[in-house]
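Beneath this line is the structure, given in structure tokens, with notes to follow.
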Amino acid sequence: MSTFPFSDNGFASAFDAIQEHMGRVLRNAGVPAALRATPQAYFPPVNVGVSGDSIEVVAFVPGMDPEGLNVSIEKSLLTISGERKPQELPEGARYYARERTQGRYTRIIELPADADPDNVQARYTDGCLAISIKRRESAKPRTVTVQ
């Protein structure tokens, strides 16, 4: 399945082959398929960072109502989903160009095994959904005293 929106295009099979090959290369190199998206578009775009204490995810969702954002964790997968409503135009107006995607979206992020699903915070500020997932205490680095 292609993640490119022009899957009916003659180039789609070539892109599918490249994407499949890169997936195999990265899997063989030990890199997980950590970010997944719906085929239409990669919305919302995300940044994912890891520190010694937490996993930090920032999803860029400008113009979204925080009430319409759904965040869940099941097993080791963080899911961000919702629906982006079409923008209303004044009466009699029509689109000349439209680049903003609309409709339902889902982003799935594979979390490290030491993520603590019981210790998660999410906040929406200035069009950004910031999610902080604490790491389990047992996974944090610790110093061992040599005797």
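In this text the structure is predicted, and so the values were computed from the model without any measurement. Index from 1, following the sequence. We use all heavy atoms of the structure for the numbers below, so side chains are in, but hydrogens, waters and symmetry mates are not.
One finds the CZ atom of R84 at 13.0 Å from the CG atom of D65 (value rounded to the nearest 0.5 Å). Note that CD1 of I109 and CD1 of I131 are 6.5 Å apart. Values are rounded to the nearest 0.5 Å. The line from CD of E110 to NZ of K75 is 12.5 Å long, rounded to the nearest 0.5 Å. Between E74 atom CD and I108 atom CD1 the span is 10.0 Å, to the nearest 0.5 Å. Here CD1 of I133 is found 13.5 Å from CG of D53. Values are rounded to the nearest 0.5 Å. Atom-to-atom distance recorded for L129:CG and R107:CZ is 12.5 Å, nearest 0.5 angstrom.
Cluster annotation: V58 is not connected to L111 through the hydrophobic network of ILVMFWY side chains, with a link wherever side-chain heavy atoms come within less than 4.5 Å.
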Item to complete: Check the pair N47, V57 against side chain to side chain contact (heavy atoms under 4.5 Å, CB included), reporting the backbone distance first and the verdict last.
Response: CA-CA 6 Å; N47 287 344; V57 178; over 6 Å; no
Item to complete: Give the C-alpha distance, both sets of side-chain angles, the deciding distance and a yes or no for side chain to side chain contact (heavy atoms under 4.5 Å, CB included) between V71 and L78.
Response: CA-CA 7 Å; V71 178; L78 169 69; 3.7 Å; yes
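Summarising the geometry of Y124 relative to V61, their closest heavy-atom pair is OH-O, 3.2 Å, with the distance given to 0.1 Å. The two atoms that bring L69 and Y105 nearest to each other are CD2-OH, 3.2 Å, heavy atoms only. I55 approaches R135 most closely through the heavy-atom pair CD1-CG, 3.8 Å. Nearest heavy-atom pair across E83 and R104 is CB-NH1, 3.6 Å.
By the 4.0 Å N-to-carboxylate-O rule, D114 lies too far from R136 to be salt-bridged with it.
Looking at F60 and P44, their side chains never come closer than 4.5 Å, going by heavy atoms from C-beta outward.
For the residue pair Q121 and S132, no side-chain donor N or O sits within less than 3.5 Å of a side-chain acceptor on the partner.
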